[in-house]
S.K.: 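Before we start, here is the structure in question, set down as structure tokens.
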Amino acid sequence: RRPVEKLSLCCRGHRQSASRPPKHVPRAERTGFSPAAASKCDWIGPPDRLSNLRPIIYHIPENETPLERTLRHLRQDTEDWSHEFWTNQNFTFSKEKEEHVRSQLSSKGLSERDDDGRKRTLSSEEMAVFYKHFLDKNMTRHASYNREWYGRNFTITLLMARVALHNTWRTLTGQTRGTGREKGKST
């Protein structure tokens, strides 16, 4: 297994209006860079400020086989799908949390800031009510995400096993690595 290299540049978040969820941003824009063409490793960056997931730029082998390409595309699609889900989920959570805090402070006759200008907070017990309500309200959504995530990862694991078996067989039989990018095939 090859070592994983870290991104040389931090992920750049995209500012969005506070009234609407962030739009899906293509991977290249999220990371703000492309690894050198000579790189032989996957590149993993710092957590994205919106989804809290670490973006990955997958290495493309010089003679990538169709099976390896399918695996890489499925891994990237899964990462993009997960990033979009958690970006939207985190946006919704933050917005509803702010509304809950504002509502609770208002019901106590308090402003959002104290006399010294510091932001007021609620007790952990008061916030626990919000957390439970949010999780209960989003239980179906989270369960659906988990089912899809497990299904995708099971498929990825099976594809990884097929690639490993294919590479082992090729090594044992002395076959050279064929070019999967020939005849105008693109990534």
Side-chain angles (χ1 to χ4, degrees), residues 1-98 124 127 130-132 134-135 137-167 180-181 186-187:
R1 188 155 232 204
R2 293 184 178 124
V4 177
E5 298 172 24
K6 286 201 167 202
L7 293 175
S8 59
L9 299 175
C10 292
C11 295
R12 290 180 173 81
H14 297 272
R15 301 205 188 281
Q16 296 288 326
S17 165
S19 63
R20 58 191 160 96
K23 294 178 183 172
H24 177 69
V25 180
R27 175 179 60 261
E29 287 182 37
R30 282 200 324 256
T31 59
F33 93 111
S34 263
S39 174
K40 303 285 185 208
C41 302
D42 293 343
W43 286 56
I44 301 174
D48 181 85
R49 76 175 188 85
L50 301 174
S51 70
N52 292 323
L53 300 177
R54 292 179 176 272
I56 302 170
I57 296 181
Y58 295 98
H59 168 67
I60 303 171
E62 186 177 326
N63 297 321
E64 183 178 54
T65 65
L67 189 59
E68 289 171 326
R69 182 179 310 112
T70 300
L71 172 61
R72 180 174 51 83
H73 284 181
L74 180 58
R75 289 175 74 196
Q76 191 61 65
D77 289 345
T78 299
E79 181 192 335
D80 291 344
W81 165 80
S82 192
H83 169 77
E84 189 168 353
F85 174 85
W86 286 110
T87 296
N88 290 331
Q89 189 66 13
N90 292 343
F91 176 81
T92 302
F93 176 83
S94 295
K95 184 177 172 189
E96 290 182 19
K97 181 179 167 188
E98 287 174 19
S124 56
M127 288 308 298
F130 165 74
Y131 297 137
K132 180 175 180 356
F134 185 83
L135 288 173
K137 187 170 90 172
N138 289 283
M139 183 172 39
T140 304
R141 184 181 208 194
H142 288 161
S144 177
Y145 170 84
N146 284 341
R147 273 190 302 279
E148 178 73 15
W149 186 86
Y150 279 111
R152 285 173 178 255
N153 280 285
F154 182 74
T155 303
I156 287 170
T157 302
L158 288 178
L159 277 173
M160 290 176 105
R162 285 181 60 194
V163 166
L165 286 171
H166 183 259
N167 290 342
R181 293 188 191 172
S186 65
T187 61

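It should be emphasised that the depicted structure is a prediction, and the values quoted were computed from it without experimental measurement. Sequence positions, counted from 1, serve as the residue numbers for this chain.
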S.K.: Taking all heavy atoms of Leu53 and all of Ser82, pick out the closest pair and write down the distance.
M.R.: CD1-OG, 3.6 Å
S.K.: Examine distances only and state if a side-chain atom of Thr87 and a backbone atom of His83 form a donor-acceptor pair shorter than 3.5 Å.
M.R.: yes
S.K.: When rounded to the nearest 0.5 angstrom, what distance separates CG in Asn88 from CG in Leu50?
M.R.: 9.5 Å
S.K.: As an exercise, state the distance from OG1 of Thr65 to CG of Asn167, rounded to the nearest 0.5 Å.
M.R.: 7.0 Å
S.K.: Going by the rule side chain to side chain donor-acceptor pair (under 3.5 Å), which residues pair with Lys97 if we only count those two or more places apart in sequence or in a different chain?
M.R.: none
S.K.: Within the structure provided, determine whether Asp42 and Ile57 are in side-chain contact (heavy-atom separation under 4.5 Å).
M.R.: no
S.K.: Would you name the heavy atoms of Pro46 and Pro55 that are closest together and state the gap between them?
M.R.: O-CD, 3.2 Å
S.K.: Nearest 0.5 Å, please: how far is OG in Ser51 from CZ in Phe91?
M.R.: 14.5 Å
S.K.: What I'd like to find out is whether the side chain of Phe93 reaches to under 4.5 Å of the side chain of Asn138, using heavy atoms alone.
M.R.: no
S.K.: CE/Met160 to CG/Leu74 distance, rounded to the nearest 0.5 angstrom?
M.R.: 10.5 Å
S.K.: Report the distance from atom CG of Asn52 to atom CD of Gln89, rounding to the nearest 0.5 Å.
M.R.: 12.0 Å
S.K.: Is the distance between the ring centroids of Trp86 and Tyr145 under 6.0 Å?
M.R.: yes
S.K.: For Arg162, I'd like to know if atom CZ has over 12 heavy atoms of other residues, nucleotides or ligands within 6.0 Å.
M.R.: no
S.K.: Taking side-chain contact (heavy atoms from CB on, under 4.5 Å) as the test, write out the residues that go with Glu148, two or more places apart.
M.R.: Trp81, Arg152
S.K.: Please report the interatomic distance NE2(His59) to SG(Cys41), rounded to the nearest 0.5 Å.
M.R.: 7.5 Å
S.K.: Compare every heavy atom of Arg54 with every heavy atom of Glu79, then report the nearest pair and how far apart it is.
M.R.: OE2-O, 4.1 Å
S.K.: Given His73, which partner from the list Gln76, Arg75, Arg69 fulfils the side chain to side chain contact (heavy atoms under 4.5 Å, CB included) test?
M.R.: Arg69
S.K.: Under a 4.5 Å cut-off applied to non-hydrogen side-chain atoms, are Phe85 and His142 in contact?
M.R.: yes
